[in-house]
Amino acid sequence: MMKADIIKKEIHALIIGDEILSGKREDKHLAHLIKTLKSYGLYISKADYITDDLDTIKKTIQSKIGNIVFCFGGIGATPDDHTRKAAALAHKEPLTQHGQAKILIEKQFGDGAHPKRILMADLPQNAHIIPNIINNVPGFFINHHYFMPGFPEMAWPMIDWVIKNQYEFLINLKNIEDQSIWLDDVSESKLIDTMQKIEKENEYIKIYSLPKLRPKKTLELGIKGKSEPVKKAMKELKKILKELKFNWREN
């Protein structure tokens, strides 16, 4: 695939696990993924949380074909781990034993690798592995979909590996910027017309507002998008706010 085609792809997150949806565990992957991508000048476009159900996982993965996806959870060998099979079905590949994954798992667990742990080497045909620096049981990827364990200590180094090894040319390429200012004791409703004007008159940006009520009423007013359009739009926003006699402070 041409680099130009990859640049156009969105980046999605997929977090799998009944324990997340039930509240037994708190997801930490999304916040970390957003922070990590931002450090490379990249950003996420969509995130999904789904249950440990084979058909649900398969359909969700299918719906994301054509995008870059970071998927967390469900690649183990227990009965509720369906992600490996779902990925194979979604990408229309048979589930086969991956030779390199087999070697790594046997090296890690010795005789204890059989008969169950070795099942984690069953991956979609034509998949490639993602190294696991914690216990050698690899993640895997196929067609820009990256599948990692649910354990943060294993998954998070994999995120960096994927970006540096698969998308180094994307680092800081998209030149995304996020600027914001703060206003005290101002309601969003008073700024709707201004926000609409800024977004309408400036391409390649999005304007947003984030109100907070405690410890005092404040409003974060921000613009994100491509760097130069963001700088231009923020300059225009400040000019309008000054004309409207609103005071602001830098974030």
Side-chain angles (χ1 to χ4, degrees), residues 1-3 5-6 8-21 29 33 46-151 154-159 161-167:
M1 179 174 287
M2 299 286 290
K3 287 184 178 180
D5 295 323
I6 296 174
K8 297 175 184 178
K9 291 180 179 293
E10 293 183 352
I11 300 176
H12 291 191
L14 177 56
I15 296 98
I16 298 169
D18 291 342
E19 69 279 7
I20 301 294
L21 297 175
H29 292 301
L33 178 62
K46 186 178 181 182
D48 293 277
Y49 290 88
I50 61 173
T51 185
D52 290 310
D53 174 74
L54 176 62
D55 192 52
T56 300
I57 300 170
K58 182 197 75 170
K59 289 179 179 178
T60 305
I61 293 171
Q62 280 180 327
S63 73
K64 295 181 178 298
I65 289 175
N67 298 300
I68 297 169
V69 180
F70 290 86
C71 179
F72 304 93
I75 66 171
T78 58
D80 61 339
D81 288 321
H82 301 295
T83 303
R84 290 177 292 105
K85 184 175 180 180
L89 291 170
H91 287 277
K92 297 181 180 179
E93 296 279 2
L95 197 65
T96 61
Q97 188 175 79
H98 190 285
Q100 191 176 357
K102 176 179 180 290
I103 292 171
L104 288 168
I105 293 169
E106 289 178 334
K107 181 179 178 180
Q108 179 68 25
F109 298 108
D111 292 340
H114 296 270
K116 298 301 182 184
R117 289 189 175 105
I118 200 65
L119 295 174
M120 292 185 288
D122 291 347
L123 306 177
Q125 187 170 293
N126 297 316
H128 303 275
I129 66 169
I130 306 172
N132 184 337
I133 64 173
I134 301 299
N135 73 352
N136 287 323
V137 179
F140 66 95
F141 66 95
I142 182 170
N143 299 331
H144 299 284
H145 286 189
Y146 300 86
F147 299 90
M148 292 159 280
F151 299 103
M154 297 180 189
W156 294 358
M158 292 183 181
I159 297 172
W161 185 91
V162 168
I163 295 170
K164 291 176 182 177
N165 287 273
Q166 300 297 116
Y167 303 108

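Worth saying up front: this structure is predicted, and the values here are computed from it rather than measured. Only this structure's heavy atoms are used, side chains among them; waters, hydrogens and symmetry mates stay out.
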Enter the distance from Ile50:CD1 to Ile20:CD1 here, rounded to the nearest 0.5 Å. 12.0 Å

Supply the atom-to-atom distance Trp156 CH2 to Ile133 CD1, rounded to the nearest 0.5 angstrom. 13.0 Å

With heavy-atom distances below 4.5 Å as the criterion, would you say the side chains of Pro138 and His98 are in contact? no

Start with the C-alpha gap between Asn135 and Gln108, add the side-chain angles, then the distance that decides, and say whether side chain to side chain donor-acceptor pair (under 3.5 Å) holds. CA-CA 7 Å; Asn135 73 352; Gln108 179 68 25; 5.9 Å; no

Is any side-chain heavy atom of Leu89 closer than 4.5 Å to a side-chain heavy atom of Asp55? no

I need the Phe70 CZ to Ile11 CD1 distance, nearest 0.5 Å. 6.0 Å

Once you measure the plane-to-plane angle for Tyr146 and Tyr167, does it fall in the parallel (<30°), tilted (30-60°) or perpendicular (>60°) bin? perpendicular

Side chains of His91 and Ile61 in contact at under 4.5 Å (non-hydrogen atoms): yes

Heavy atoms of Ile65 and Ala90 approach each other most closely as CD1-O, 3.6 Å

Any donor-acceptor N/O pair, Thr83 side chain to Ile57 backbone, under 3.5 Å: no

Give a yes or no answer on whether the side chain of Asn67 reaches the backbone of Val69 with a donor-acceptor pair at less than 3.5 Å. no

Atom CD in Gln166, atom CD1 in Ile68: separation rounded to 0.5 Å? 9.5 Å

To the nearest 0.5 Å, how far apart are CG in Asn132 and CD1 in Ile75? 8.0 Å

Test item: Arg84 side-chain N/O and Leu119 main-chain N/O as donor-acceptor pair under 3.5 Å: yes

Would you check, one step at a time, whether the test side chain to side chain donor-acceptor pair (under 3.5 Å) holds for Asp53 with Thr51? CA-CA 6 Å; Asp53 174 74; Thr51 185; over 6 Å; no

Are the side chains of Ile130 and Phe140 in contact, using a 4.5 Å heavy-atom criterion? no

Looking at Ile16 and Gly73, what are the two nearest heavy atoms and their distance? CD1-O, 4.0 Å

Say whether, by atom type as modelled, one donor and one acceptor occur between the side chain of Lys9 and the main chain of Gly66 under 3.5 angstrom. yes

Kindly indicate, with the supporting measurements, whether the criterion side-chain contact (heavy atoms from CB on, under 4.5 Å) is fulfilled by His144 and Ile6. CA-CA 9 Å; His144 299 284; Ile6 296 174; 3.8 Å; yes

Taking the side chain from His145 and the backbone from Lys64, do they hold a donor-acceptor pair closer than 3.5 Å? yes

Counting C-beta onward and ignoring hydrogens, is there a side-chain heavy-atom pair between Arg117 and Val137 closer than 4.5 Å? no

Pro115 and Ile118: which non-hydrogen atoms are nearest, and at how many Å? O-CG2, 3.7 Å

Taking Gly150's backbone N and O only, do any of them form a donor-acceptor pair with His29's side chain (distance below 3.5 Å, no angle check)? yes

Kindly compute the distance separating CG (Asp81) from CE (Met120), expressed to the nearest 0.5 Å. 9.0 Å

For Ala121 and Ile105, work out which heavy atoms get closest and say how close. N-CD1, 3.6 Å

Between His114 and Glu106, is any pair of side-chain heavy atoms under 4.5 Å apart? yes

Heavy-atom side-chain proximity of Phe72 to Ile159 below 4.5 angstrom: yes

Is there a donor-acceptor pair closer than 3.5 Å between any side-chain N or O of Asp48 and the backbone N or O of Leu14? no

Minimum side-chain heavy-atom gap Phe147-Ile142 below 4.5 Å: yes

Ignoring hydrogens and geometry, is there a side-chain-to-backbone donor-acceptor pair from Asn165 to Val162 under 3.5 Å? no

